[in-house]
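What follows is a short report on a single structure.
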Amino acid sequence: MGRVALTRVTKRFGEVTAVSDITLEVEDQEFLVLLGPSGCGKSTVLRLIAGLESPTDGSIEIGDRVVNGVEPKERDVAMVFQSYALYPQMTARRNIEFPLKNQRTPKLERARRVEEVAETLELTEVLDRRPAQMSGGQRQRVALARAIVRRPEAFLMDEPLSNLDAKLRTQTRTELIELQRRLATTVVYVTHDQVEGMTMGHRVAVMENGVIQQVGAPTEIYDHPANLFVAGFIGNPPMNVLTGLPTSEDGRLAIETPGGGIPLTAPQQDAVRRSGATQVAVGVRPEHIRLDEDGPLRASVAVIEALGYENHVVCRLEDGQQVIVRLRAEVAAPREGDKVHLGAEPRRLHLFDATTGARIGT
Amino acid sequence: MSVTAPPEHLDAHGRAESPPERPPARARSRAARSPRRRRTLEVLLAYGLLLPSLLVFAVFVFYPLVRQIYLSFFLTPPFPGEPKHYAGLSQIQQVLTSHDFLNSLWVTVLFVLYTVPAGLVLGLLLAVLAHQQLRGIRFFRTVFSSTVATSVAVASVIFFTLLNPQIGLFSYWFGRTGQLSVLDDPRLALLAVSVVTVWQNLGLAFIVMSAGLQAVPDDLLEASRVDGAGPWTRLRHVILPMLSPTLFFAIVVGSILSLEAFGQIDILTSGGPLQHTNVLVYAIYDQVFNQNNQGRAAVMTVALFLITLVFTLIQIRLLERRVTYER
C-alpha cells in the first residue's frame, strides 16, 4: 500500500516556520503534485516524507505505519532530486544498482532488474557511461531508473524536470505520466511549474508560505480557486483581478471598480452580503472576458500579443490597471489604442474578500 | 570617518579615472594587421609581469639548485678559503653507496610511511567528526585546527617535556618513568618523532579535509541516505570518491612536508640514537654544519631533490587519473 499521509505536520527551522500545520493524504497509486512558488515549503514537505528532515510536530505515515523517527532507508521511498544527485564516479549501471546493493539483493537478480529498468527507460546504450559522459536527459532518466529499480512504496520527485531544456521537458513530462500509470505507483511530485502541476497530477496541492492553500483535481483548482493566491498562481496569463467596494443601487449590489461597476447575479449578491466583505476582489480568467459594446468596463487597448493560435489583448483601465483578454485567433482583434468595453458572463466571475483573500460563495 | 563627511576622495578618484584613451587610429590598424607583433607584445608583457617572482625564485631556488649540482662534483675542504678539487662522478658514487646515505634514505622512507597515512586518516576522522551538526562543535573545530598555529619548535618542546623520563606525563602513563627516554631508545625514537610530526601536521590535515568535506554536495549524501546506504557505505562510495582530489593534495603535500622534516629531529634527537632518526635533511645539515663537507652535502641535496621530484611525479601519474569527476 503506497499511501502517504501527513497529519498536522509542522516544521520549524529555528525561528522560521517552513511548513505549518499541514494535513494531506496521498492515496495509493495517486500522482499528487505539490505546487507553489519557490520558498513556499513544498520541498520541505517532500524531505519530511523522505525522512531527510524530521517534523517539529505532527505525524507522517507511509503505507500503514507511522514513520516519524524512521531512517530514510527504512521508509521504502525513492527520491529523484532536481540535480539528479548521481554518483559521479559510478557508471549508470552502478548508479542504478546502488540501492539494490544496499538492500543486499543477490547479484543475478540485481543485474536482471537493472537491465529491465534500463530497457524501460531506453538507457541500455549508456549503462556503462559515467554521468559526465551523458546528456542531461539521460542523466535525468538514470536518476529515475535508480528510483524505479527499488520498486518502492512511493516516489518522491523534487522538480525533476527543471534542469531540462523546454522541448525535452515537455516530452519527459508525458513519459513520466505514462510511466506512473504503467507502474501504478504513488508519486509525490514537487514543482513550481503550473503547467506540470495541471498536466501531471491526479490532484494538485497548492502551497504558499508553508500552508496548503487548496487541494483538488487540476480542473477544480482552475475553475474554483479557493482564494486569491491560488486564483493568481494558476493560469497563464493569470486571472484578471479588480478590487472594488460593494455598492447598492435600488437594492441591487454591484462591485464598483476603477473601470466601472460590475453587476452580480442574485446568488452572488447574497454571498457578498453574507460574507460581510468590505472590499471585494473580482477575478475573471482572460478567456472569459468578452469585448462587448454593452460591457460595464471601459478600457483602451495597450498591446496585442499575437501567439498564432490566439491573441492576448492587453487593455488598460482608466487608472492604469491591466486587464488581459484572450481571443481565439479567428476572432477579429481590436487595434492598439482602440477604446473598448469589456464584459463577462456573471457566472464566470470569481469573488474574493479582498482583505482575507478567501473565496466568496461557490 | 564621519558618515556625513563629503566623499571627497571618491570624487577625486572618479575624476582621475578618465576613460582609457584609445590608441591612435594608425597604431590600432597596424596592430590589427600584424597579429605576430601583437603576440610579441603580449609575451613581453607576460614576462614583465612574471619578472618579480622570477627574481625571487632565481635568488632563492634556481641559483642554489644549480650551485648544489655544481658543488656535488667537487671535494670541498673543511675550512673556508682553501681550494676545492674536481672529483667528477666519484664523490657522487661514493656518497650514494655509503652506509650513512642509505641509512638516511631508509629512515626517511620509514618516516614518510609513519607520518603520511596516519596524518591522513586522523585528519579525515577529525574532519568527519567535526562535520556533524552537534552542539558546541565549533569549539572542537577550533581545537582540532589549533596545531596549525603551533610551530615545529613549540610542538617539539611540548613533546620533549611530555616524554621526559623523569617528569614527563607520557613516560608516567606508559610506565617508563626513570627508564631510558623514548627519544634515546633506537627502537622507538623514530616513532616518537613521527608522533610529534603527525600531531603538529594534524591541524593542517584537519583543515584541508574539512574543506574537502564541505565540498561534497549535500544532495549526494541525501540521495545515498534515501538509497539505503549506511554510514560506512556512504563514506566508501560517496564521500571518499568526492574527496579524492583533497586526499591527493593531502598525500602530496604531506609527503613533501615529511621529506623536508628537520626542526623536530634537530630539537628532539639530533639524528640519534645511533642515526635511527637521521633523515636526509638532517644528514645534509649535519654534513654542512658539523662535518664541514659541502661537497657531500651537495650530493645528498641533489639526491633528495630528485627523490622528491620523482615521488611527486609518480603520485601525480598514479592518482590524478582517479581524482576528478565532472558532475
Side-chain angles (χ1 to χ4, degrees), chain A residues 13 43 46-47 49-53 62 70-91 94-105 129-134 136 139 142-143 145-150 152-160 163, chain B residues 120 124 127-128 131-139 208-209 211-252 315-327:
Chain A
F13 298 101
S43 286
L46 205 67
R47 294 166 58 82
I49 300 172
L52 295 172
E53 308 284 354
I62 297 173
V70 175
E71 276 291 299
K73 62 173 180 168
E74 309 292 342
R75 295 194 177 196
D76 200 16
V77 293
M79 188 152 168
V80 179
F81 289 77
Q82 180 175 6
S83 65
Y84 313 144
L86 299 178
Y87 310 113
Q89 83 281 13
M90 298 185 195
T91 58
R94 289 194 51 214
N95 260 290
I96 299 171
E97 202 178 38
F98 189 69
L100 295 182
K101 266 189 169 170
N102 292 328
Q103 292 175 341
R104 306 194 186 286
T105 310
R129 290 198 205 155
R130 289 194 182 152
Q133 300 161 321
M134 291 186 260
R139 284 183 220 181
V142 172
R146 186 173 67 185
I148 292 173
V149 79
R150 287 173 49 189
E153 291 240 31
F155 290 107
L156 310 175
M157 303 193 183
D158 192 358
E159 311 229 4
N163 283 350
Chain B
L120 212 64
L124 181 59
V128 169
H131 200 57
Q132 316 295 319
Q133 298 296 328
L134 300 174
R135 191 176 294 271
I137 198 68
R138 293 170 68 104
F139 170 73
V208 170
M209 296 293 171
L213 278 186
Q214 305 277 346
V216 177
D218 284 341
D219 54 0
L220 277 190
L221 297 174
E222 291 176 346
S224 69
R225 281 176 68 193
V226 179
D227 284 343
W232 170 247
T233 315
R234 190 151 58 243
L235 183 70
R236 166 81 186 72
H237 290 289
V238 184
I239 297 176
L240 283 183
M242 296 308 291
L243 209 58
S244 54
T246 310
L247 292 172
F248 170 67
F249 173 77
I251 289 174
V252 172
Q315 285 179 330
I316 290 174
R317 284 296 293 273
L318 278 182
L319 295 172
E320 87 175 342
R321 258 177 298 159
R322 305 198 47 187
V323 296
T324 37
Y325 301 112
E326 194 192 327
R327 290 201 73 216

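By the salt bridge (charged side-chain N to carboxylate O under 4.0 Å, His left out) test, Arg225(B) is found to be paired with no residue, residues two or more places apart in sequence or in another chain being considered.
Within the 4.5 Å cutoff, no side-chain heavy atoms of Asn102(A) are placed close to those of Ser224(B). Side chains of Arg94(A) and His237(B) form a contact here, defined as non-hydrogen atoms less than 4.5 Å apart. Looking at Glu222(B) and Met79(A), their side chains never come closer than 4.5 Å, going by heavy atoms from C-beta outward.
One distance of note links CD of Glu97(A) with CG of Asp227(B); it measures 12.0 Å at 0.5 Å rounding.
Contact tally against chain B (heavy-atom pairs below 4.5 Å) for Gln103(A), Gln133(A), Arg47(A): the top residue is Arg47(A).
Using a 4.5 Å cut-off between heavy atoms, Arg75(A) makes no contact with chain B at all. At a 4.5 Å heavy-atom cutoff, the contact between Tyr87(A) and chain B is made by backbone and side-chain atoms alike.
Among the candidates Lys73(A), Arg146(A), Arg150(A), Glu71(A), the single residue satisfying the side-chain contact (heavy atoms from CB on, under 4.5 Å) test with Val226(B) is Arg150(A).
Distance alone, capped at 3.5 Å, places no donor-acceptor pair between the Asp219(B) side chain and the Ala85(A) backbone.
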